[in-house]
Amino acid sequence: IIIPAYNCEKYIAETIQSALNQTWNNKEIIIVDDGSTDATLKIAKQFEIANQNIKVYTQENKGSCNARNNGFAFSKGDYVQFLDGDDLMAPDKIEKQLKTLQNKADCIIGCCWIKFDKAIDNNIGGVGPYHSIMKNLSPKEWLLARFMMAQHAWLIPRKMVEISGGWDEEMTCNQDGEFFFRVIAQAKEILFEKDAIVYYRAPLKHTGVSIKNTYDKYQSLFKAAITYKKVLKQLANDTIDVKVAIGNYFRELAYNYYP
């Protein structure tokens, strides 16, 4: 379980406890503090002292993608769970997904997710995903659907992270979409565990890069679109459905970028 953390002192204890509460006992928890200026590192260190399966590392502020890559380099597990420093998982999330993954080589697996604000019973909307990816799909089918999946809903075999090349540290927006496009392209099948669930913290008032119309944002979004086009064309020939999907992606990007 890899947790990048930056200035999340309000939430990091709850997130770490969420990882500790996983009913799958054979786990390691890697926390990478990305140069926090608040009490995030201090809180994480307190958990490290009390739990042998927690390791805390600290670095100069280099961004969440760099922290995830470094956390992965420090880790040893056969499966990888990325978990941001303010998000949560149901206690049996990983166990249920691993049971579904048994005898399923070269597959990755997602699950349901809920947006929440201050507490997990303060839901924003219903249980996601809200569409046709709540079933097992081929990589091509999943990429053609191209709907949002909370990044910590995924559980990934280690070798697929290695083959994918890791997180792109130059991106400031949609880093998870771009990363998982590449991971999904390596999978034999995309599985879905409907009985597992994660919680995605989405405050009503948000000031992050992902919602600000900046040049860096759209540069990153364009890079994700290029990756999408590349991996989808590698998986399938230039059939009509592939051409339409790629065209729609770039059309939406252009429409959203227009002032």
J.: Please state whether the rings of Tyr200 and His152 are parallel, tilted or perpendicular, taking 30° and 60° as the class boundaries.
T.: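 Rings of Tyr200 and His152: tilted, as their planes differ by 30° to 60°.
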J.: Do side-chain atoms of Asp38 reach the backbone of Thr40 as a donor and acceptor pair under 3.5 angstrom?
T.: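 Between the backbone of Thr40 and the side chain of Asp38 there is a qualifying donor-acceptor contact (under 3.5 Å).
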J.: A side-chain contact here means heavy atoms from C-beta on lying under 4.5 Å apart; do Ile184 and Val231 qualify?
T.: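 Counting from C-beta outward, Ile184 and Val231 never come under 4.5 Å.
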J.: Before we go on, tell me: are the rings of Phe82 and Trp167 under 6.0 Å apart, centre to centre?
T.: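 For Phe82 and Trp167, the ring centres are under 6.0 Å apart.
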J.: Between the side chains of Lys230 and Gln234, does any donor sit under 3.5 Å from an acceptor?
T.: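 Checked: Lys230/Gln234 side chains show no N/O donor-acceptor pair below 3.5 Å.
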J.: How about Phe250 and Lys229: do any of their side-chain heavy atoms sit closer than 4.5 Å?
T.: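 Yes; the side chains approach each other to less than 4.5 Å.
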J.: Between atom CD of Gln97 and atom CG of Leu191, what is the distance when rounded to the nearest 0.5 Å?
T.: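 Result: 9.5 Å between the selected atoms.
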J.: How many angstroms lie between NZ in Lys140 and CD1 in Ile190, if you round to the nearest 0.5 Å?
T.: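 It is 14.0 Å, given to the nearest 0.5 Å.
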J.: Checking the side chain of Ser220 only, and the main-chain atoms of Met171 only, is there a donor and an acceptor separated by less than 3.5 Å?
T.: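 Pair absent, no side-chain N/O of Ser220 close to backbone of Met171.
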J.: Roughly how far, to the nearest 0.5 Å, is NZ of Lys62 from CG of Asn69?
T.: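 Result: 11.5 Å between the selected atoms.
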J.: Would you check if the side chain of Ser18 reaches a backbone N or O of Met89 as a donor-acceptor pair within less than 3.5 Å?
T.: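 Looks like yes, one N/O pair under 3.5 Å.
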J.: So which atom in Asp168 and which in Cys65 form the shortest heavy-atom distance, rounded to 0.1 Å?
T.: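 Here Asp168 and Cys65 meet closest at O-SG, 3.5 Å.
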J.: Distance check, rounded to the nearest 0.5 Å: Leu88 atom CG versus Ile114 atom CD1?
T.: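 So the CG of Leu88 and the CD1 of Ile114 are separated by 11.0 Å.
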J.: Heavy-atom count around Phe222 CZ within 6.0 Å, excluding the residue itself: above 12?
T.: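 No, not enclosed.
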J.: Over all heavy atoms of both residues, which pair between Ala67 and Asp34 is shortest? Give the atoms and the distance, please.
T.: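 Ala67 and Asp34 have their closest heavy atoms at CB-CB, 4.4 Å.
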J.: State whether the side chain of Gln22 and the backbone N or O of Ile94 hold a donor-acceptor pair below 3.5 Å, judged by distance alone.
T.: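 Confirmed, Gln22 side chain pairs with Ile94 backbone.
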J.: Check whether more than 12 heavy atoms from other residues, nucleotides or ligands sit under 6.0 Å from atom NZ of Lys27, and answer yes or no.
T.: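 Enclosed.
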J.: Ignoring hydrogens and angles, write down the donor-acceptor pairs under 3.5 Å from the side chains of residues 100-108, residues two or more places apart or on other chains.
T.:
{"unit_1": "Thr100", "atom_1": "OG1", "unit_2": "Lys96", "atom_2": "O", "d": "3.1"}
{"unit_1": "Thr100", "atom_1": "OG1", "unit_2": "Glu193", "atom_2": "OE1", "d": "2.5"}
{"unit_1": "Asp106", "atom_1": "OD1", "unit_2": "Lys159", "atom_2": "NZ", "d": "2.6"}

J.: Between Ile2 and Phe74, is any pair of side-chain heavy atoms under 4.5 Å apart?
T.: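 Counting from C-beta outward, Ile2 and Phe74 never come under 4.5 Å.
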J.: Please tell me whether Ile43 and Tyr6 are part of a single hydrophobic cluster in this structure, the criterion being side-chain heavy atoms less than 4.5 Å apart.
T.: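 In one cluster: no.
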J.: On a heavy-atom basis, which atom in Leu137 and which in Glu189 lie closest, and how many Å separate them?
T.: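 What the structure gives for the nearest pair is O-CG, 3.4 Å.
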J.: Rounded to the nearest 0.5 Å, what separation is found between the CG atom of Asn70 and the OG1 atom of Thr58?
T.: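 OG1 of Thr58 is found 11.0 Å from CG of Asn70.
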J.: For the backbone of Phe47 and the side chain of Asn51, can you confirm whether one donor and one acceptor N or O come within less than 3.5 Å of each other?
T.: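 Judged by distance alone, yes, a pair lies under 3.5 Å.
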J.: Could you see if Leu232 belongs to whatever hydrophobic cluster contains Val244? Use Ile, Leu, Val, Met, Phe, Trp, Tyr and a side-chain cutoff under 4.5 Å.
T.: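 As far as the 4.5 Å side-chain criterion goes, Val244 and Leu232 are not connected within one cluster.
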J.: Please report the C-alpha distance between Asp216 and Gln219 in whole Å, then the side-chain angles of each, then the deciding distance to 0.1 Å, and finally whether the side chain to side chain contact (heavy atoms under 4.5 Å, CB included) criterion is met.
T.: CA-CA 5 Å; Asp216 285 345; Gln219 190 176 41; 4.0 Å; yes
J.: Centre of Phe181's six-membered ring, under 6.0 Å away, within 45 degrees of the axis: is that where NZ or CZ of Arg146 sits?
T.: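 Judged by the rule, Arg146 and Phe181 form no cation-pi pair.
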J.: Is any side-chain heavy atom of Leu20 closer than 4.5 Å to a side-chain heavy atom of Ile54?
T.: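 Answer yes - side chains close enough.
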J.: As a quick check of understanding, evaluate side chain to side chain contact (heavy atoms under 4.5 Å, CB included) for Ile3 and Ile12, giving each step before the final call.
T.: CA-CA 9 Å; Ile3 305 175; Ile12 188 64; 4.1 Å; yes
J.: Considering the options Glu170, Glu60, Gln59, which one meets the side chain to side chain donor-acceptor pair (under 3.5 Å) requirement together with Asn66?
T.: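 Per the side chain to side chain donor-acceptor pair (under 3.5 Å) rule, the option paired with Asn66 is Gln59, out of Glu170, Glu60, Gln59.
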J.: Output yes when a side-chain donor or acceptor of Glu141 lies under 3.5 Å from a complementary backbone atom of Ser138, and no otherwise.
T.: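 Looks like yes, one N/O pair under 3.5 Å.
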J.: Should Leu83 and Phe72 be counted in the same cluster of Ile, Leu, Val, Met, Phe, Trp and Tyr side chains packed under 4.5 Å apart?
T.: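 Cluster IDs for Leu83 and Phe72 match.
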J.: Would you say the side-chain atoms of Arg158 pair up with the backbone N or O of Gly77, donor to acceptor, closer than 3.5 Å?
T.: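 Yes, because the side chain of Arg158 sits within donor-acceptor range (under 3.5 Å) of the backbone of Gly77.
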J.: Can Asn7 and Thr37 be counted as having a side-chain donor-acceptor contact under 3.5 angstrom?
T.: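 Per modelled atom types, Asn7 and Thr37 side chains form a pair under 3.5 Å.
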J.: For the CG atom of Leu144 and the CG atom of Asp241, what is their distance to the nearest 0.5 Å?
T.: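 Here the rounded value is 5.0 Å.
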J.: Is the backbone N or O of Glu178 less than 3.5 Å from a side-chain atom of Thr227, with the two atoms forming a donor-acceptor pair by type?
T.: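 Answer holds: no.
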J.: In terms of relative ring orientation, are Tyr249 and Tyr228 parallel, tilted or perpendicular, with 30° and 60° separating the classes?
T.: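 Because their plane-to-plane angle lies in the 30° to 60° range, the rings of Tyr249 and Tyr228 count as tilted.
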J.: Using a 3.5 Å distance criterion without hydrogens, assess whether the side chain of Arg68 forms a donor-acceptor pair with backbone atoms of Glu169.
T.: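 A pair under 3.5 Å: no.
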J.: Looking at every heavy atom in both Lys93 and Cys111, which two are closest together, and how far apart are they?
T.: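 Shortest heavy-atom contact: CE-SG, 3.8 Å.
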J.: Are a donor atom and an acceptor atom from the side chains of Gln17 and Asn21 found within less than 3.5 Å of each other?
T.: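 Distance-only check passes for Gln17 and Asn21.
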J.: Hey, any chance Tyr215 and Leu253 share a hydrophobic cluster, counting ILVMFWY side chains that come within less than 4.5 Å of each other, even indirectly?
T.: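 Both belong to a single hydrophobic cluster.
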J.: Could you state whether Tyr79 and Phe192 fall into the same hydrophobic cluster, counting links through intermediate Ile, Leu, Val, Met, Phe, Trp or Tyr residues with side-chain heavy atoms under 4.5 angstrom apart?
T.: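 Yes, same cluster.
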J.: Salt bridge between Asp33 and Lys42, side-chain N to carboxylate O under 4.0 Å?
T.: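 Judged by the 4.0 Å cut-off on N to carboxylate O distance, Asp33 and Lys42 do not form a salt bridge.
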J.: For the residue pair Val56 and Ala44, what are the closest heavy atoms and their distance?
T.: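 Where Val56 meets Ala44 most closely, the heavy atoms are CG2-O, 3.5 Å.
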J.: Any non-hydrogen side-chain atom of Ser64 less than 4.5 Å from a side-chain atom of Asp84?
T.: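 No, side chains not in contact.
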